**Student:** 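Once you've had a glance at the structure underneath, I'll fire off some questions.
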Amino acid sequence: TVAYNVLINGFCLDGNVGYALKLCGQMIKQGLAPDIITYNTLINGFCGDGDLQKACWIYDGMLGAGLVPDLISYKILIRELCKHRYIKKANTYFQQMLGSNIIPDHFVFNILIDGYIKEGNMMEALRLCDKMVAFGLVPNVITYNALIHGHAKEGNLQEAFRLKHEMFVYGLIPDVVTYNLLINGLCKHGYILEASGLCDEMISKGIVPDKFTYTELIFGHCKRQKIDKACEILIMMQKKGLCVDNIACNIVFRTLCKRKKTEEAHKLLERMKKNDLCVDNVTYNILLTGYLKEDKLQQARKLFEEMAVKETHAS
RNA sequence: GUUACUUGUCGUA
């Protein structure tokens, strides 16, 4: 059974869940009973496939086989339900889990908290924080990051920064994600100077900015129409050996398009194509909306056909 | 032996 479980997981990780399922059938034929681990692996496999239906189907099969879901089963399911925005259902499973005397850990709470935040329900997220404390669990850096994300998204930067300070009170050290979230919040609201300052602060504290940090700063500069500043950062990223990916390029590209700097935009696009990892759906969407806004329907249609050929999904 | 939660671009009715 152990050997099968390992194999099944291997195929799941490989994205070949169908074959993993076949293997499960094969092990049954050999008289080996799938255990809770086998089921969890398969459920997780289908979840990674985005196939919630099949995941639930396996889950039911597990119940039918008389196996009792454990903490791991619940974590997998709850996370997937949250991803699909079925937060109510996720909560139902959570309650069921508590009802069957399974001791929750940081992960389940963080998953649920993040689920509520993604739904825009900060109240419930905060209530869950209290609940987690009631279970003797102390919110950790990830919990705080999720909350900071929520507040920043709502535009409540004050509260986001207050939480950053509160972290120290509880002996938690803000990490690169914490800083990235705050920098992102500042940039989104046009506070590029403050964002740059925060970037300096993190460096002085020994936290190394990553490509998220710099991409957010690029975004901030673009938002203030400082394309040259944005390009400076692009160059600096390359010098630091950070990969400049399609996201960073798209941001600059979009700004160039918006400002009707068509020539420079095309130059960038050519360079992106040369480095050939850079033209994606988002790039196309940017171009499309640009054309549509300028009533260049012909070009828009042409582009749309090009997308269809490349089998990118028009979204 | 299986699960591991939080951050970046367009869009998301």
Side-chain angles (χ1 to χ4, degrees), chain A residues 1-13 20 24 34-45 47-48 55 69-80 82-83 85 104-115 117-118 125 132 137 139-150 152-153 160 174-185 187-188 195 209-220 222-223 230 233 237 242 244-255 257-258 278 280-290 292 313-315:
Chain A
T1 306
V2 173
Y4 266 109
N5 286 345
V6 173
L7 266 179
I8 288 172
N9 186 44
F11 280 104
C12 283
L13 292 179
C24 180
D35 60 7
I36 182 87
I37 294 176
T38 320
Y39 279 107
N40 283 344
T41 310
L42 281 173
I43 293 171
N44 186 51
C47 285
D70 61 3
L71 179 60
I72 294 180
S73 323
Y74 280 111
K75 272 193 268 195
I76 298 170
L77 264 187
I78 291 175
R79 181 165 125 80
E80 196 59 17
C82 285
K83 252 197 225 155
R85 301 291 140 89
D105 62 2
H106 281 99
F107 291 97
V108 215
F109 273 107
N110 286 341
I111 290 168
L112 254 189
I113 287 171
D114 186 56
I117 287 173
K118 294 257 156 74
M132 117 184 239
L137 296 167
N140 60 18
V141 175
I142 296 193
T143 320
Y144 270 94
N145 286 346
L147 292 173
I148 288 174
H149 187 202
K153 230 178 31 182
D175 63 4
V176 62
V177 175
T178 318
Y179 277 100
N180 286 347
L181 285 163
L182 292 168
I183 288 174
N184 183 35
C187 287
K188 278 233 162 76
D210 59 10
K211 79 175 177 188
F212 284 73
T213 323
Y214 289 121
T215 306
E216 285 156 4
L217 289 176
I218 288 173
F219 181 84
C222 283
K223 191 157 178 85
I233 296 180
M237 284 174 78
L242 289 169
V244 176
D245 58 15
N246 47 348
I247 296 187
C249 288
N250 283 338
I251 295 170
V252 178
F253 180 66
R254 174 167 179 264
T255 313
C257 286
K258 269 198 168 169
C278 278
D280 62 5
N281 289 347
V282 177
T283 322
Y284 278 118
N285 283 342
I286 292 167
L287 264 176
L288 254 185
T289 48
L292 290 179
H313 297 289
S315 39

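Quick note on labels: first sequence line is chain A, next is B, and so on, each numbered from 1. Keep in mind that what you see is a predicted model, and the values were worked out from it rather than measured.
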**Student:** Which part of the nucleic acid does A:K118 contact within heavy-atom distance under 4.0 Å: base, sugar-phosphate only, or nothing?
**Tutor:** sugar-phosphate

**Student:** Run through A:L112, A:I113, A:V108, A:D105 and flag the one making a side-chain contact (heavy atoms from CB on, under 4.5 Å) with A:M132.
**Tutor:** A:I113

**Student:** Spell out yes or no: do the side chain of A:N145 and the base of B:rU6 have one donor N/O and one acceptor N/O closer than 3.5 Å?
**Tutor:** yes

**Student:** Which is true for A:F212 with a 4.0 Å heavy-atom rule: it touches a base, it touches only sugar-phosphate, or it touches nothing?
**Tutor:** base

**Student:** To the closest 0.5 Å, what do you measure between CG (A:N5) and CG (A:N9)?
**Tutor:** 8.5 Å

**Student:** Which listed nucleotide (B:rG1, B:rU6, B:rU9) is nearest to the side chain of A:I142?
**Tutor:** B:rU6

**Student:** Calculate, to the nearest 0.5 Å, the distance between atoms CG and CD1 belonging to A:L13 and A:I8 respectively.
**Tutor:** 12.0 Å

**Student:** How long is the line joining CD1 of A:I183 and C1' of B:rU6, in whole Å?
**Tutor:** 16 Å

**Student:** Taking atom P of B:rU6 as reference, at what distance in whole Å does atom NE2 of A:H106 sit?
**Tutor:** 15 Å

**Student:** Given B:rU6, B:rC5, B:rC10, identify the nucleotide with an atom nearest to the side chain of A:I111.
**Tutor:** B:rC5

**Student:** Hey, does A:V177 reach any base, or is it just sugar-phosphate, or nothing, if we go heavy atoms under 4.0 Å?
**Tutor:** base

**Student:** Over how many whole Å does the gap from A:I233 atom CD1 to B:rU9 atom P extend?
**Tutor:** 15 Å

**Student:** Nearest of B:rU6, B:rG8, B:rU2 to any side-chain atom of A:D114?
**Tutor:** B:rU6

**Student:** Can you tell me how far P of B:rU6 sits from OH of A:Y144, to the nearest Å?
**Tutor:** 19 Å

**Student:** Choose from B:rU3, B:rG1, B:rG8 the nucleotide whose nearest atom is closest to any side-chain atom of A:E216.
**Tutor:** B:rG8

**Student:** Between B:rU7, B:rU2, B:rG8, spot the one nearest the side chain of A:L181, thanks.
**Tutor:** B:rU7

**Student:** Would you mind classifying the nucleic acid contact of A:K188 as base, sugar-phosphate or nothing, using non-hydrogen atoms under 4.0 angstrom?
**Tutor:** sugar-phosphate

**Student:** Using whole Å, what does the distance between atom C1' of nucleotide B:rU6 and atom CG of A:D105 come to?
**Tutor:** 15 Å

**Student:** Of all the choices, B:rU3, B:rC5, B:rU7, which nucleotide is nearest to the side chain of A:N180 once you look at every atom?
**Tutor:** B:rU7

**Student:** Does a sphere of radius 6.0 Å around NZ in A:K258 hold more than 12 heavy atoms from other residues, nucleotides or ligands, not counting ones at 6.0 Å or beyond?
**Tutor:** no

**Student:** In terms of side-chain heavy atoms of A:R254, which of B:rU7, B:rG1, B:rU9 is nearest?
**Tutor:** B:rU9

**Student:** Within the structure shown, what part of the strands sits under 4.0 Å from A:D35 by heavy-atom distance: base, sugar-phosphate, or nothing?
**Tutor:** base

**Student:** Taking CD1 from A:I36 and P from B:rU3, how many angstroms apart are they, rounded to a whole number?
**Tutor:** 14 Å

**Student:** Contact class for A:N5 (heavy atom, under 4.0 Å): base, sugar-phosphate, or nothing?
**Tutor:** base

**Student:** When rounded to the nearest 0.5 angstrom, what is the spacing between OH in A:Y214 and CD1 in A:I233?
**Tutor:** 8.5 Å

**Student:** List for me each residue that meets side-chain hydrogen bond (donor to acceptor under 3.5 Å, both in side chains) alongside A:N145, sequence neighbours excluded, and say none if there are none.
**Tutor:** A:D175, A:T178

**Student:** I need the CG-P distance between A:L77 and B:rC5, as an integer number of Å.
**Tutor:** 15 Å

**Student:** Tell whether A:D245 reaches the base of B:rG8 with its side chain through a donor-acceptor pair below 3.5 angstrom.
**Tutor:** yes

**Student:** Without decimals, in angstroms, what is the distance between A:I78 CD1 and B:rC5 P?
**Tutor:** 14 Å

**Student:** Got a donor-acceptor pair under 3.5 Å from the side chain of A:N250 to the base of B:rU9?
**Tutor:** yes

